Number of protein chains: 2
Amino acid sequence: MTALLPPLPEPPDPGDARTNLTLAATGEPEMLRADAARNRALLLDAASRLLVRCGAANLTMESVAAAAGVGKGTVFRRFKDRTGLLIALLDHREALLQAAFLTGPPPMGPDAPAAERLHAFGPALMRHERDHHELILASRTDPLRTYEVPAQRLRLSHVTLLLRQARAAGEPELLAHTLLGSIDTPLVHHLTCERGMDIDRLEESWHDLLNRYGVQR
Amino acid sequence: MTALLPPLPEPPDPGDARTNLTLAATGEPEMLRADAARNRALLLDAASRLLVRCGAANLTMESVAAAAGVGKGTVFRRFKDRTGLLIALLDHREALLQAAFLTGPPPMGPDAPAAERLHAFGPALMRHERDHHELILASRTDPLRTYEVPAQRLRLSHVTLLLRQARAAGEPELLAHTLLGSIDTPLVHHLTCERGMDIDRLEESWHDLLNRYGVQR
DNA sequence: GAAGTAAGCGGACCGTGGTCCGTTTAAAGT
DNA sequence: ACTTTAAACGGACCACGGTCCGCTTACTTC
């Protein structure tokens, strides 16, 4: 195994309350048969290694299967399609971010007032997305699929909840979409890399947007 | 050397809207050889017909080539790739919308005050995108490619210009991105079709967002 | 109108995503 | 232990996107 990034054990562990968070994040822990669970871990590990070696663009399903020592069909059955594999890889790397805003210390964690958490969330998300932008961009093939990604849904409901708690003006869910859209990975990447915009300007705009909806720090 | 291809650099976006607009709108009309121009028209026509008959998902490059009576290579040379073909089809259908906000009557056209044009633009864009959502969604494969699509660039610079004219608060270009993002096709489709949200709520949210940045009708 | 040339053409060819189906195997029942 | 059964496996197979390269053809020049 030798986890590169997260010390988080992958095995499906139903019933444990603490893993319910990851459960919400991963969507379907899906009691797997022993061999299936083992192969799933092997595949994610192999994909991670290939990813750093060859980049997302050269990550083929067959190479992942070969590197994990399983058949090609196994990869597809487990992850449905290439995008599914990339999303699984991403979800796996979100543990840190999720921990930060679900159980971490202020200003992001639950011990800070909602307004403060909101203001802190944007910049943190931008940093996180910058760190994983290659994988994120590669996983955005079907534009509608985004709304089904567990991590995205978690962020959305988190922001929506905070907006409601902070008594933000307007419809919380719509505003949450607007907020998250304003710092969506492709946009941020385009503005910073292609248009040379400073990332501080984007953070500023996040705070500005919150302020205009009555969410003062 | 006969410059055939695109003068796409266009890095800075100075004030001159009109020249950029036509340029951005047409993309690359670019003097083609007679046979090439004829084949381009044949291909777009064939693709259009296949689109209504079989849907975007079943539109294969080979079938388009066959329906137009040309070789497969010709399709790729003209449109670069499948996404390029879809974008070309889309651009072709944007003529009406563009005419409406570039040269049409108030409240969208140039004879209305900027604030009014902005308020009218959102709902009109949403209607347009709903009418062509299948093609739009199918063309969104590469998330960064969106920012290169002529029609998108045109919309962005149009909204940016209007925001500047209307003395909107904040950075015009960033706000333009946020505004357009809040009614982006995939989002609108998700909210209305999957979540059962009423489209009026979305229009309302567009007006609200404008108002909060000081753009009153 | 002949010659020269660069763009255009077509279809064989390749790699990869995705499916299918006969075989294997983990686990639950007896 | 033996049977049963549904899940998992693997790799042959297919379709489609995209490339390549030798041939053709529209324009230019003289």
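Computed from a predicted model, the values in this text were never measured in an experiment.
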Engineer: What is the distance, rounded to the nearest whole Å, between atom CG of Leu42(A) and atom P of dC9(D)?
Structural biologist: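 Taking atom P of dC9(D) as the reference, CG of Leu42(A) is at 10 Å.
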Engineer: Is Asp45(B) salt-bridged to Arg49(B), going by a charged N under 4.0 Å from an acidic O?
Structural biologist: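 Arg49(B) and Asp45(B): salt-bridged.
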Engineer: Could you check how far CZ of Arg38(B) sits from P of dT25(D), rounded to whole Å?
Structural biologist: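 My rounded result for the distance is 11 Å.
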Engineer: Tell whether Arg33(B) reaches the base of dA7(C) with its side chain through a donor-acceptor pair below 3.5 angstrom.
Structural biologist: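 Side chain to base: pair found, below 3.5 Å.
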Engineer: Expressed as a whole number of angstroms, how long is the span from Phe79(B):CZ to dG17(D):C1'?
Structural biologist: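 Rounding to the nearest Å, CZ of Phe79(B) and C1' of dG17(D) are 16 Å apart.
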Engineer: Between dG10(C) atom C1' and Leu43(B) atom CG, what is the distance in whole Å?
Structural biologist: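 One finds 13 Å between C1' of dG10(C) and CG of Leu43(B), rounded.
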Engineer: Choose from dG17(D), dC9(D), dC9(C) the nucleotide whose nearest atom is closest to any side-chain atom of Phe76(B).
Structural biologist: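 The nucleotide sitting nearest to the side chain is dG17(D).
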Engineer: Assign each of Ala34(B) and Lys72(B) to its nearest nucleotide of DNA chain D by heavy atoms, then name whichever residue's nucleotide is nearer the 5' end.
Structural biologist: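 Of the two residues, Lys72(B) wins.
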Engineer: Would you call the rings of His190(A) and Tyr147(B) parallel, tilted or perpendicular, where under 30° means parallel and over 60° means perpendicular?
Structural biologist: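 Aromatic pair His190(A)/Tyr147(B) classed parallel.
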Engineer: Output the rounded distance in Å from CG (Asn39(A)) to C1' (dC9(D)).
Structural biologist: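 After rounding, the gap between these two atoms is 8 Å.
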Engineer: Should Glu129(A) and Arg155(A) count as an ion pair when the cut-off is N to O under 4.0 Å?
Structural biologist: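 A salt bridge links Glu129(A) with Arg155(A).
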Engineer: How many whole angstroms separate atom CD of Glu62(B) from atom C1' of dT19(D)?
Structural biologist: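 Going from Glu62(B) (CD) to dT19(D) (C1'), I get 14 Å.
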Engineer: Looking only at side-chain atoms of Leu32(B), point me to the closest of dG8(C), dG17(D), dG10(C).
Structural biologist: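 Nearest nucleotide to the side chain: dG8(C).
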Engineer: Which one, dG18(D), dA8(D), dG8(C), comes nearest to the side chain of Arg78(A)?
Structural biologist: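 Nearest nucleotide to the side chain: dA8(D).
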Engineer: Pick the closest DNA chain D nucleotide for Lys80(B) and for Gly71(A) by heavy atoms, then say which residue is nearer the 5' end.
Structural biologist: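 This one resolves to Gly71(A).
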Engineer: Figure out the CZ/P separation between Arg40(A) and dA7(D), and round it to whole Å.
Structural biologist: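 The answer, rounded to whole Å, is 18 Å.
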Engineer: Would Glu173(B) and Arg195(A) satisfy side-chain contact (heavy atoms from CB on, under 4.5 Å), going step by step from the backbone distance to the final call?
Structural biologist: CA-CA 11 Å; Glu173(B) 186 174 338; Arg195(A) 306 294 315 265; 3.1 Å; yes
Engineer: Could one point to a donor on the side chain of Arg82(A) or the base of dT16(C) with an acceptor on the other under 3.5 Å away?
Structural biologist: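 Counting by modelled atom types and ignoring angles, no donor-acceptor contact under 3.5 Å is found here.
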Engineer: Between dG10(D), dG18(C), dC9(C), spot the one nearest the side chain of Arg77(A), thanks.
Structural biologist: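 Of the options given, the side chain of Arg77(A) lies nearest dG10(D).
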Engineer: Rounding to a whole Å, what distance do you find between Asp35(B):CG and dG10(C):C1'?
Structural biologist: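 Answer to the nearest Å: 13 Å.
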Engineer: Would you indicate what Leu59(A) reaches in the nucleic acid, counting non-hydrogen atoms under 4.0 angstrom: base, sugar-phosphate, or nothing?
Structural biologist: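 Touches sugar-phosphate only.
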Engineer: So, is Thr74(A) near the phosphate of dG10(D), with a side-chain N or O under 4.0 Å from OP1 or OP2?
Structural biologist: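 Thr74(A) to dG10(D) OP1/OP2: side-chain N or O found under 4.0 Å.
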Engineer: Just one of Thr146(A), Val149(A), Leu86(A), Ile87(A) clears the side-chain contact (heavy atoms from CB on, under 4.5 Å) bar with Arg140(A), so which one?
Structural biologist: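 Looking at Thr146(A), Val149(A), Leu86(A), Ile87(A), the match for Arg140(A) under the side-chain contact (heavy atoms from CB on, under 4.5 Å) is Thr146(A).
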